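Bear in mind that the values here come from a model prediction, so they are computed numbers and not experimental data. For the single chain, residues carry numbers from 1 onward in sequence order.
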Amino acid sequence: MRARAGGRGLMCGLAGMVGACDAALVAQMTAALRHRGPDGDGVHLEPDVGLGHRRLAILDLAGSPQPMVDASGDLVIVYNGEIYNFAALRAELLAAGVPLRTRGDTEVLLELWRREGPAALQRLRGMFAFAVWDRRTRELHLVRDRLGQKPLYYSQLAGGVLLFASEPKALLQCPAVDRSLDLAALDGYLELYYVPPPRSIFAGIKQLPPGHRLTWREGQVTIARWWDCEPRPPDPRLPSVEAWAEAVAPTLAEAIELHTVSDVPVGAFLSGGLDSSTIVAALARRGAALQTFCVGYGPEGASYEERHHARAAARHFGLRHHELELKIDILDDLAAMVAGFDEPFGSWTALLAYHLSRFARQRVTVALAGDGGDEVFGGYPRYRGLRISEHLGHVPPTAIALAGRALRVLGEPTTALSLRRWGRQFLDSLALPPGERYAAWVGKGSDSARDRPYARETARRIAEVRAPNFIAEAFDRPVYGDLVARAWYADIHGFLPENVLRCTDRMSMAHGLEVRVPFCDHVLLEQMAAAPSSMRVTALASKRVLRAIAGKWLPPAVLQRKKLGFSAPFGAWLKAAEARIVADWLHPDVIKRRGLFEVNGVARIVGEHRRGTRDHALRIWSLIVLEQWQRMYLD
């Protein structure tokens, strides 16, 4: 075993195998994750198990090397994450007479597992993915945190051998891993712009879903969910928005405070919107020295511009603020973005996050972000859309159809706040059952026949393997809850972990930046699970509880801002770069050679976007990303 400098809090990469041990392969897998942990590495080898670790040190910079063996010699761990309540857990262990050799959270986690096994997971407050090898039972345990903030992939090989790693690129170091395209995963990607778990885009690689644990024993694998958070009946002790705000404010403040502990510079992403400003305000209230970061786009992206809002918020709190202007030339970094995921990821926010993370990493090692605020507190327009849709049952279907046709005639501008685009997506899905309706909205109203222009043979093969609708299944799963509550549940099991947090992790770790997300604290989530939907949204208002809390922390201008979201003028950029796009990624010869799509179907999508009859920017971008991924991983 060898190890070099580690840390108490570790944003890292882990890899390994069980059922056999190939030392060279374990070393290659570990080396493939160097970007996740540039500060050190370690490998633990036994005849039938190998564990590798790359580390990015955040706390206790000279301690806690990994892989770590417990004092008894029975357990070995590789761990990626932050246990934010580890200090309290450590004090509890010391009070119980448990000798601890380090000051870090790795040993606390390992000792809790030794004493309590999987039951210890319920006591952890943080983000993590880890592997524990138990020499007594000859079992390997893989665990992923509640919301999937930290990734974990695995591959089952012949003879009961299991490989695992933080990212697919490590597993692809093994020639025996099947890297062919999974068609069901492709269909999921074109529906949601990410590959939903448990699949990955590679036929031979799977994702361990958030809130799940995997156990390997004698070549057999079992997977079980260890955390869920279904909507609950309202708490009768909290009858008003003000009462809910008073109850939730201490939990939110504590979550933000827990996410700030670090021995390296800390910053925050700041758009000037409600979520990021709330985090910055909470830190400023306690006198934290903080650097903040935002992006802008210049004249062609005026409708997406937030820098003046961020600048005003930073000035209000006296913070050191940094701005980055992005232009159309960021399209040249497509390959680097795809390499960060190893899979096609169709939301262009990833390219923005890639550049913002690189920019922030020049000055800080840790950054706080407002991810999760929209899901936890009810900020998305689609939540209000559900409220409105509940009252449209008496509207004749012919009237809805006429309104939809009228919107199509008007066309769809490529601006940030396009009411025509939203209206068309809303009306197109009204006739669907609620779960499918919401899934269509999450997928931006994608339609199999028009927006997924499969070639005939591709369509036939996908029909044989098509998986159930990932979002609709989650929407229908809770035993309690109205439409908004079910959407909340679907988002914390779908859009939040698989789109938002996956993007945040991959694009930040591509530059060795640790991003922490206080709104994703599970204590806060579980508290809000009992909030009536009216505490989140009405037909005219959103984030009611958060606004009531932040109203005491923020200037009125922030509270009154319309929601914009983290986006960029990609629609306009794609129009400007259409000749290059068609000549390169979407050329008819390229489409024909791949054989996945109809040439005319792709040409129709590009033409409609160019003429302004439909805003297909996200669909075109998803096809470009898919082609780039095929060139990098299949050719």
Side-chain angles (χ1 to χ4, degrees), residues 9 58 82 84 125-127 147 149 245 248-262 264-295 306-307 309-323 349 353 356-357 360 363-379 496 500-501 503-505 508 513-525 527-528 542-543 545-559 561 563-566:
I58 303 297
E82 298 279 359
Y84 296 120
R125 193 171 180 178
M127 54 179 178
L147 287 178
Q149 295 181 56
V248 172
T251 307
L252 177 58
E254 180 186 39
I256 295 172
E257 175 72 19
L258 285 171
H259 282 68
T260 61
V261 179
S262 174
V264 295
V266 176
F269 296 154
L270 177 63
S271 68
L274 179 60
D275 298 337
S276 62
S277 296
T278 297
I279 291 173
V280 166
L283 298 177
R285 282 160 53 91
R286 53 184 284 271
L290 194 67
Q291 299 189 62
T292 53
F293 306 87
C294 75
V295 297
E306 295 187 286
R307 279 182 293 180
H309 296 296
R311 202 176 299 141
R315 190 163 50 242
H316 178 83
F317 293 112
L319 305 175
R320 185 179 172 191
H321 187 60
H322 308 278
E323 298 178 356
T349 57
L356 180 59
S357 295
R363 295 173 175 83
V364 299
T365 310
V366 175
L368 273 62
D371 296 356
D374 284 318
E375 290 83 1
V376 176
F377 289 102
L496 177 57
V500 178
L501 298 179
C503 175
T504 295
D505 174 80
S508 61
L513 176 73
E514 173 182 326
V515 175
R516 300 176 179 178
V517 285
F519 287 120
C520 294
D521 176 72
H522 82 275
V523 177
L524 178 63
L525 269 170
Q527 186 176 19
M528 286 299 296
S542 64
K543 292 185 180 176
V545 170
L546 182 59
R547 290 182 190 280
I549 295 171
K552 300 178 180 179
W553 302 355
L554 297 174
V558 175
L559 296 172
R561 270 196 64 192
K563 177 177 175 55
L564 185 58
F566 187 41

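Note that CZ of F519 and CD1 of I279 are 4.5 Å apart. Values are rounded to the nearest 0.5 Å. We find the CG-CZ distance between L252 and F377 to be 5.5 Å, quoted to the nearest 0.5 Å. To the nearest 0.5 Å, the span separating CG on L283 from CD1 on I256 amounts to 6.5 Å. Separation of atoms CG (L147) and CE (M127) is listed at 12.0 Å; rounding is to 0.5 Å. Here CD of Q149 is found 11.0 Å from CZ of R516. Values are rounded to the nearest 0.5 Å. The CG atom of L368 sits 9.0 Å away from atom CD of E514, with the distance rounded to the nearest 0.5 Å.
At a threshold of 4.5 Å between non-hydrogen side-chain atoms, the residues D521 and P518 do not count as touching. Inter-residue side-chain proximity for L546 and T278 is flagged as met; some heavy-atom pair is nearer than 4.5 Å. Considering only heavy atoms from C-beta on, T260 stays 4.5 Å or farther from V266 through its side chain. For the pair W553 and V280, the minimum side-chain heavy-atom distance is 4.5 Å or more.
Ring orientation note: the planes of F269 and F293 are nearly perpendicular, at an angle over 60° on the 30°/60° scale.
At distances below 3.5 Å, not a single donor-acceptor pair connects side-chain atoms of H316 with backbone N or O atoms of A312. Within the 3.5 Å criterion, the main-chain N or O of S271 finds a donor-acceptor partner in the side chain of S276. Using a distance-only test at 3.5 Å, with no hydrogens or angles considered, a donor-acceptor pair links the side chain of S508 to the main chain of D505.
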Dump the intermediate steps for side-chain contact (heavy atoms from CB on, under 4.5 Å) on L274 and L554, then the final yes or no.
CA-CA 9 Å; L274 179 60; L554 297 174; 3.8 Å; yes

Verify side-chain contact (heavy atoms from CB on, under 4.5 Å) between K543 and D275, making sure each step is shown before the conclusion.
CA-CA 10 Å; K543 292 185 180 176; D275 298 337; 2.7 Å; yes

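Taking each heavy atom of A314 and T292 in turn, the nearest pair found is CB-OG1, 4.0 Å. Nearest heavy atoms, V295 versus R307: O-CG, 3.5 Å. Residues V517 and H259 come closest through the heavy atom pair O-NE2, 3.6 Å. Closest heavy-atom contact between V364 and Q291: CG1-NE2, 4.1 Å. Contact detail for S277 and L270: the closest heavy-atom pair is OG-CD1, 3.8 Å.
In this structure H309 satisfies the side-chain contact (heavy atoms from CB on, under 4.5 Å) test together with R561, sequence neighbours excluded. Residues satisfying the side-chain hydrogen bond (donor to acceptor under 3.5 Å, both in side chains) test with S542, not counting sequence neighbours, are none. Every residue two or more places apart in sequence or in another chain was checked for a salt bridge (Lys or Arg N to Asp or Glu O under 4.0 Å) with D371, and none qualifies.
Among the candidates H322, R311, H321, the single residue satisfying the side-chain contact (heavy atoms from CB on, under 4.5 Å) test with C294 is H321.
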